[in-house]
Amino acid sequence: MKTVLVTGGAGYIGSFTVKELLDQDYKVVVLDSLENGHLEAVDTRASLEVVDIADKEKVRAVFNKYTIDAVIDFAAYLAVGESMEQPVKYMKNNVENFVGLLDVMREHGCRYIIKSSTASTYGNPPEDKYFPLKESYHEIYHPSQSALLSGKWDNEGFAGEEFFQKVVGYYNEFVSDRPELSLTDADLAMLRVPASIYGLTKMFDEIILDKYDQLYGVASISLRYFNVCGAALNGEIGEDKPNPTTLMTVTFWHILGRIPELQVFGNDYPTKDGTGVRDYIHPLDLATGHIAALRYLEKTRKSEVFNLGTGDGYSVLDVIYAVEKACGKTVKYSIKPRQSGDPAVSYADPSKAKMLLGWRARYDLADMANTAWKWHSNHPRGYIKNTANKAV
Ligand SMILES: NC(=O)c1ccc[n+]([C@@H]2O[C@H](COP(=O)([O-])OP(=O)(O)OC[C@H]3O[C@@H](n4cnc5c(N)ncnc54)[C@H](O)[C@@H]3O)[C@@H](O)[C@H]2O)c1
């Protein structure tokens with residue numbers, strides 16, 4: 001595969017993968033609306049097309065302009081809290097626009113796609129026996145009711161199965177003239193697992209990809225990333241979101257005075273220090289994971305799902321200590337009660353990616369914190385170049 005279209009390539013994780021692809025001699029076309037991406041994050045060796053995937057004609061024009069051999073699709077909305085308040089916004093961008101992209105690919109004979117998925121598709125596993133999480137989790141755990149936490153639909157509050165049925169009704173209407181995309185009982189069982197609308201939209205995407213393989217021969221790899229943090233080794237690209245939610249980024253923002261208070265939710269979990277334990281992964285490791293997935297797909301044409309995580313669990317306090325060590329400052333935080341639905345521990349079993357892709361994470365928590373500090377301390381206001389804005 002020579003030319004790869006990277007949607008969302010101006011965003012955080014996409015920009016790292018674009019660089020790695022270029023370093024590995026792929027030609028790269030970045031397609032991004034720049035709604036949440038940054039021009040400065042796009043490697044100048046790549047071609048950039050500023051297009052919203054919602055505009056199918058413009059996406060078609062990109063496929064007419066270049067011969068695209070494969071797509072790596074990062075474009076999505078990903079704020080869990082916002083997804084619970086604005087589910088339709090998430091269904092439109094993460095599911096409907098995604099189907100539109102697949103259709104344009106199909107029209108142009110492009111039959112390979114690597115898709116960003118997420119650990120949020122695992123929801124909140126009810127028992128410790130499910131950890132470390134394996135890709136086959138949805139085959140062994142089938143809740144009878146949806147795990148969706150509370151949110152809003154048409155400004156009215158909903159949770160669980162009632163909320164779920166609203167979302168499924170919306171999808172059914174969207175595919176009403178395409179019975180081949182309707183949901184089976186097995187699909188619905190998988191869709192009941194995620195606890196957030198964001199996770200649910202990504203589960204929809206994985207299911208849709210499975211259907212596109214069976215119906216149209218589009219081979220795909222969905223990569224379920226765990227919590228992503230860290231920046232380029234030289235600190236030149238990193239995470240710049242208006243309202244970050246990742247613990248490490250929030251902690252650095254607190255250090256830089258951009259967030260007044262740092263809150264730790266729960267210090268009474270059955271973990272080594274009482275705080276929640278999660279799996280963290282560096283975007284440089286994700287970049288090599290995407291290229292390994294692309295090569296696997298080219299070789300086997302076999303659709304798969306892989307976890308991309310380190311397989312190591314780090315507690316909230318581990319992350320705070322790593323940040324303190326990286327920047328040489330003390331982090332002040334307050335302890336708040338646990339947040340509903342947050343599991344004590346969540347970490348990946350990355351052995352499938354190791355076995356089939358020959359991939360493993362190289363960077364640990366200290367690397368993530370050291371590189372992130374390099375990025376944040378050099379760009380305290382993110383990609384904004386204006387030095388007046390750099391004062392914090
Ligand atoms: N950051 C994480 O911790 C994390 C964890 C798991 C999965 N993911 C997934 O990885 C992907 C990338 O995440 P990120 O952190 O880089 O996010 P990001 O917001 O930095 O990047 C997403 C990019 O997609 C673009 N985009 C969104 N909708 C678009 C549309 N309709 N048309 C064109 N461009 C559009 C945005 O402008 C942005 O540049 C997402 O799909 C996300 O769900 C991220």
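The first residue in the sequence is number 1, and the count goes up from there. Counting starts at 1 for both ligands and their atoms, following the listed order.
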Do you know the tightest heavy-atom contact between L31 and V51? CD2-O, 3.5 Å
Pair E49 + K58: basic N to acidic O under 4.0 Å: no
CG (D367) and SG (C229) are apart, to the nearest 0.5 Å, by 11.0 Å
Which word best sums up how the rings of H379 and Y383 line up, parallel for under 30°, tilted for 30 to 60°, or perpendicular for over 60°? tilted
Can you check whether G37 has an N/O within less than 3.5 Å of an N/O in ligand 1? yes
Suppose we measure from atom 14 (P) of ligand 1 to each protein heavy atom; which comes out shortest, and what is that distance? K241 NZ, 3.8 Å
Ligand 1 to T118 polar contact by distance, N or O atoms, under 3.5 Å: no
By number and element, which atoms of ligand 1 are closer than 4.0 Å to a non-hydrogen atom of V51? 32 (N), 33 (C)
Would you say N227 and ligand 1 have an N/O pair spaced under 3.5 Å apart? no
Nearest non-hydrogen protein atom, atom 23 (C) of ligand 1: G8 CA, 3.5 Å
Within a distance under 4.0 Å of any heavy atom of S116, pick out the atoms of ligand 1 and give their elements. 9 (C), 10 (O), 11 (C), 41 (O)
If we number the atoms of ligand 1 from 1 as shown, the ones under 4.0 Å from a heavy atom of A76 are 24 (O), 27 (C), 28 (N), 41 (O)
The atoms of ligand 1 lying under 4.0 Å from a heavy atom of K202, numbered in the order shown, are 40 (C), 41 (O), 42 (C), 43 (O)
Can you report which non-hydrogen protein atom sits closest to atom 6 (C) of ligand 1, along with the distance? Y225 CD1, 3.6 Å
How far is atom 13 (O) of ligand 1 from its nearest protein heavy atom, and which residue and atom name does that atom have? I13 CD1, 3.8 Å
Assess whether a salt bridge exists between D187 and K211, defined as any Lys/Arg side-chain N lying under 4.0 Å from an Asp/Glu carboxylate O. yes
For S117, atoms of ligand 1 separated by under 4.0 Å from a heavy atom: 6 (C), 7 (C)
Could you give the distance from CD (Q263) to CD1 (I335), rounded to the nearest 0.5 Å? 10.5 Å
One finds that the ligand 1 atoms under 4.0 Å from a non-hydrogen atom of F226 are 5 (C)
shortest atom 42 (C) of ligand 1-to-protein heavy-atom contact is with Y198 OH, 3.4 Å
For T246, state whether at least one heavy atom is located under 4.0 Å from any atom of ligand 1. no
Reported NZ-to-CD1 distance for the pair K202 and I208, which is rounded to 0.5 angstrom: 11.5 Å
Basic-acidic side-chain contact under 4.0 Å: D213, R301: no
Are the aromatic rings of Y296 and W359 close, with centres under 6.0 Å apart? no
Between Y77 and ligand 1, is there a nitrogen or oxygen pair with a distance under 3.5 Å? no
A10 heavy atoms, cut-off 4.0 Å: which ligand 1 atoms fall inside? 39 (O)
Are the aromatic ring centres of Y137 and Y130 under 6.0 angstrom apart? yes
Is the closest N or O pair between G11 and ligand 1 shorter than 3.5 Å? yes
Ring-ring centroid check H290 F74, cutoff 6.0 Å: yes
To the nearest 0.1 Å, how far is atom 2 (C) of ligand 1 from its closest protein heavy atom, and which atom is that? V228 CG2, 3.5 Å
What protein heavy atom sits nearest atom 37 (O) of ligand 1, and how far away is it? D32 OD1, 2.7 Å
Close-contact set for ligand 1 against N97 heavy atoms, below 4.0 Å: 31 (N)
How far does CG of N267 sit from OH of Y333, to the nearest 0.5 angstrom? 8.5 Å
the protein heavy atom lying closest to atom 40 (C) of ligand 1 turns out to be F74 O, 3.2 Å
Is there any N or O on D73 that sits under 3.5 Å from an N or O of ligand 1? no
Is there at least one pair of N or O atoms, one from I53 and one from ligand 1, spaced under 3.5 Å apart? yes
Nearest neighbour of atom 31 (N) of ligand 1 from the list N93, I281, N94, on a heavy-atom basis: N93
Before you tell me yes or no, could you show the steps for Y171 and F204 under ring pair (Phe, Tyr, Trp, His ring centres under 6.0 Å), namely the whole-Å CA-CA distance, both residues' side-chain angles and the distance that decides it to 0.1 Å? CA-CA 9 Å; Y171 176 81; F204 266 112; 4.8 Å; yes
Region of E239 that comes within reach of ligand 1 [heavy atoms, distance under 4.0 Å]: neither
Is K115 salt-bridged to E206, going by a charged N under 4.0 Å from an acidic O? no
Centroid-to-centroid, Y77 to Y198, below 6.0 Å? no
